[in-house]
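Everything on this sheet refers to the single structure shown next.
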Protein chains: 2
Amino acid sequence: MNDPDFPRRIRDAGGRVTAARVAVLRCLAATEEPLTPDEVLERLAQTAGPVPDRVTIYRAIEWLAAHGLVRQLATVGRAARYEAVEDRETHAHFQCRGCGQTRCLPAPPPPLPPLPIGYVAERVELVIHGLCAACRAGERR
Amino acid sequence: MNDPDFPRRIRDAGGRVTAARVAVLRCLAATEEPLTPDEVLERLAQTAGPVPDRVTIYRAIEWLAAHGLVRQLATVGRAARYEAVEDRETHAHFQCRGCGQTRCLPAPPPPLPPLPIGYVAERVELVIHGLCAACRAGERR
DNA sequence: GGTCTTTTTGCCATTTTATTGCATTTTTAC
DNA sequence: GTAAAAATGCAATAAAATGGCAAAAAGACC
């Protein structure tokens with residue numbers, strides 16, 4: 001498991017420890033599925049304490065992403081989705097074309113194809129497009 | 001190689017053959033890299049003939065995607081990106097975190113991880129996040 | 001704890017990307 | 001050529017994200 005001391009992780013990254021950053025990081029770390037900024041806001045709104053402004057959420061996520069505590073996923077939806085960076089095993093992302101939901105799946109790390117010269121790879125992401133159980137049941141067949 | 005008879009492919013998909021659909025499909029098929037709707041519009045604007053409205057481009061892409069002639073990629077950028085569906089060899093997508101550009105790379109098809117029951121996979125996409133040669137040179141090191 | 005400096009936040013306005021409604025035009029079948 | 005169905009253009013609207021700036025909070029120092 002990862003160190004759940006979010007304030008320390010933020011301080012170690014060289015930033016100020018603010019309520020918004022801690023709340024956003026905790027929210028993303030506590031969630032199974034990657035969330036959009038608005039989904040983070042919704043969840044924080046249901047928690048005790050003051051709710052940060054939407055713009056603050058965006059900026060907190062931006063800062064967390066720039067400092068490697070959170071990462072943005074490749075998605076087909078309109079809104080960006082983020083997940084906390086944990087050192088759990090590698091995983092892929094399933095994305096439902098029906099409801100747009102994204103969820104993590106355990107998966108071995110895929111092989112890295114050769115890149116053009118001068119290019120550097122920093123991360124490899126496997127995205128499985130398809131239909132989730134609920135959406136499949138909902139489609140007329 | 002693929003059949004370049006775009007009107008026929010559109011008719012075979014069960015739709016009307018319109019100038020906008022043919023132009024959008026041809027544009028995407030003629031381009032190395034996946035394009036955003038606005039990039040498609042830019043390119044069509046530089047071509048001879050009447051330029052379709054932006055909304056028409058959106059709707060043409062939507063129709064083409066719904067009928068399997070075009071597909072939307074998983075991206076981290078703000079705008080959606082599309083590529084023509086060709087039966088060329090499988091490929092991955094490289095996405096530069098500097099300039100946001102997306103390009104195709106030849107790559108073997110990645111293994112499909114097991115899915116939760118009830119889920120169906122329709123496509124697997126491999127996304128390599130990193131820096132392109134130009135952006136890497138631009139970053140201070 | 002009090003004071004100072006720097007960073008972050010909240011609010012408002014704005015931009016970018018995408019979607020909807022509806023009258024007009026185009027496509028296709030006959 | 002004509003009629004029915006579908007697609008388009010235009011204007012308005014929605015959704016997601018960003019920028020500017022004054023007020024507030026965090027951290028460093030005493």
Side-chain angles (χ1 to χ4, degrees), chain A residues 6-25 27 34-45 49-67 69-70 72-82 97 99-102, chain B residues 6-25 27 34-45 49-67 69-70 72-82 97 99-102:
Chain A
F6 302 121
R8 202 181 68 75
R9 286 209 263 167
I10 290 169
R11 175 161 312 121
D12 287 355
R16 293 193 175 176
V17 177
T18 70
R21 284 177 186 167
V22 174
V24 169
L25 182 53
C27 177
L35 302 178
T36 67
D38 268 27
E39 286 168 348
V40 171
L41 177 57
E42 277 174 35
R43 297 186 184 221
L44 293 186
V51 183
D53 187 79
R54 186 189 309 275
V55 177
T56 300
I57 307 251
Y58 274 102
R59 288 195 273 230
I61 290 178
E62 179 185 39
W63 187 91
L64 292 168
H67 292 81
L69 302 182
V70 141
Q72 183 179 355
L73 271 42
T75 54
V76 299
R78 276 185 66 165
R81 284 187 182 276
Y82 300 85
R97 83 167 146 79
C99 58
Q101 227 186 41
T102 301
Chain B
F6 302 119
R8 200 181 67 77
R9 287 210 261 168
I10 290 168
R11 175 160 314 125
D12 287 354
R16 296 195 172 176
V17 178
T18 70
R21 286 178 185 168
V22 174
V24 168
L25 182 55
C27 177
L35 301 178
T36 67
D38 268 28
E39 286 168 349
V40 171
L41 177 58
E42 277 174 35
R43 295 186 186 221
L44 293 186
V51 182
D53 187 77
R54 186 188 310 273
V55 176
T56 300
I57 306 247
Y58 275 100
R59 289 197 271 229
I61 289 177
E62 180 185 37
W63 188 91
L64 292 168
H67 292 81
L69 302 182
V70 142
Q72 183 179 356
L73 305 185
T75 55
V76 297
R78 280 183 60 164
R81 284 187 181 277
Y82 300 87
R97 82 167 147 80
C99 58
Q101 229 186 40
T102 301

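Quick note on labels: first sequence line is chain A, next is B, and so on, each numbered from 1.
- Phosphate contact (OP1/OP2 of C:dT7, side-chain N/O of A:T18, threshold under 4.0 Å): absent.
- For C:dT8, one of the phosphate oxygens OP1 or OP2 lies less than 4.0 angstrom from a side-chain nitrogen or oxygen of A:R21.
- Within 4.0 Å of B:A19, counting heavy atoms only, lies no atom of the nucleic acid at all.
- Of the two residues contacting DNA chain D, namely B:A60 and B:R16, the nearest-nucleotide position lying further toward the 5' end is that of B:R16.
- Residue contacts for B:A20: at a heavy-atom cut-off of 4.0 Å it reaches the sugar-phosphate backbone alone, with no base atom in range.
- Although no hydrogens or angles enter the test, the distance criterion places no donor-acceptor pair under 3.5 Å between the side chain of B:R11 and the main chain of B:V17.
- Mapping B:T36 and A:G14 onto DNA chain C by nearest heavy atom places A:G14 at the nucleotide closer to the 5' end.
- Annotation: side chain of B:I57 is in contact with side chain of B:L44 (closest heavy-atom distance under 4.5 Å).
- The interatomic distance linking A:L41 (CG) with D:dA17 (P) rounds to 12 Å, in whole Å.
- With rounding to whole Å, B:Y58 atom OH is found 4 Å from C:dA18 atom P.
- B:E42 places its CD atom 13 Å from the P atom of C:dT16, with the value rounded to the nearest Å.
- Panel note: side chain A:Q72, backbone B:V76; a donor-acceptor pair is recorded below 3.5 Å.
- Here the straight-line distance linking atom OH of B:Y82 with atom CG of B:L35 works out to 11.5 Å at 0.5 Å rounding.
- Not a single donor-acceptor pair, N or O on each side, falls under 3.5 Å between the base of D:dA17 and the side chain of A:R54.
- Contact annotation: side chain of B:R78 to base of C:dT16, donor-acceptor pair present below 3.5 Å.
- Atom CD of B:E62 and atom P of C:dA18 are 12 Å apart (whole Å).
- Computed from coordinates, the A:H67 NE2 to C:dT7 C1' distance equals 12 Å when rounded to whole Å.
- Regarding contacts with the backbone of D:dG27, a side-chain N or O of A:R11 is found under 4.0 angstrom from either OP1 or OP2.
- Here B:T56 contributes atom OG1 and B:L41 contributes atom CG; the two are 10.0 Å apart, rounded to the nearest 0.5 Å.
- Atom CH2 of B:W63 and atom C1' of D:dT8 are 15 Å apart (whole Å).
- The nucleotide whose nearest atom lies closest to any side-chain atom of B:R59 is, among C:dT20, D:dA16, C:dA18, C:dT20.
- C:dA18 atom C1' lies 13 Å from atom CG of B:D53, rounded to whole Å.
- Here the P atom of nucleotide D:dA17 and the OH atom of A:Y82 are 6 Å apart, to the nearest Å.
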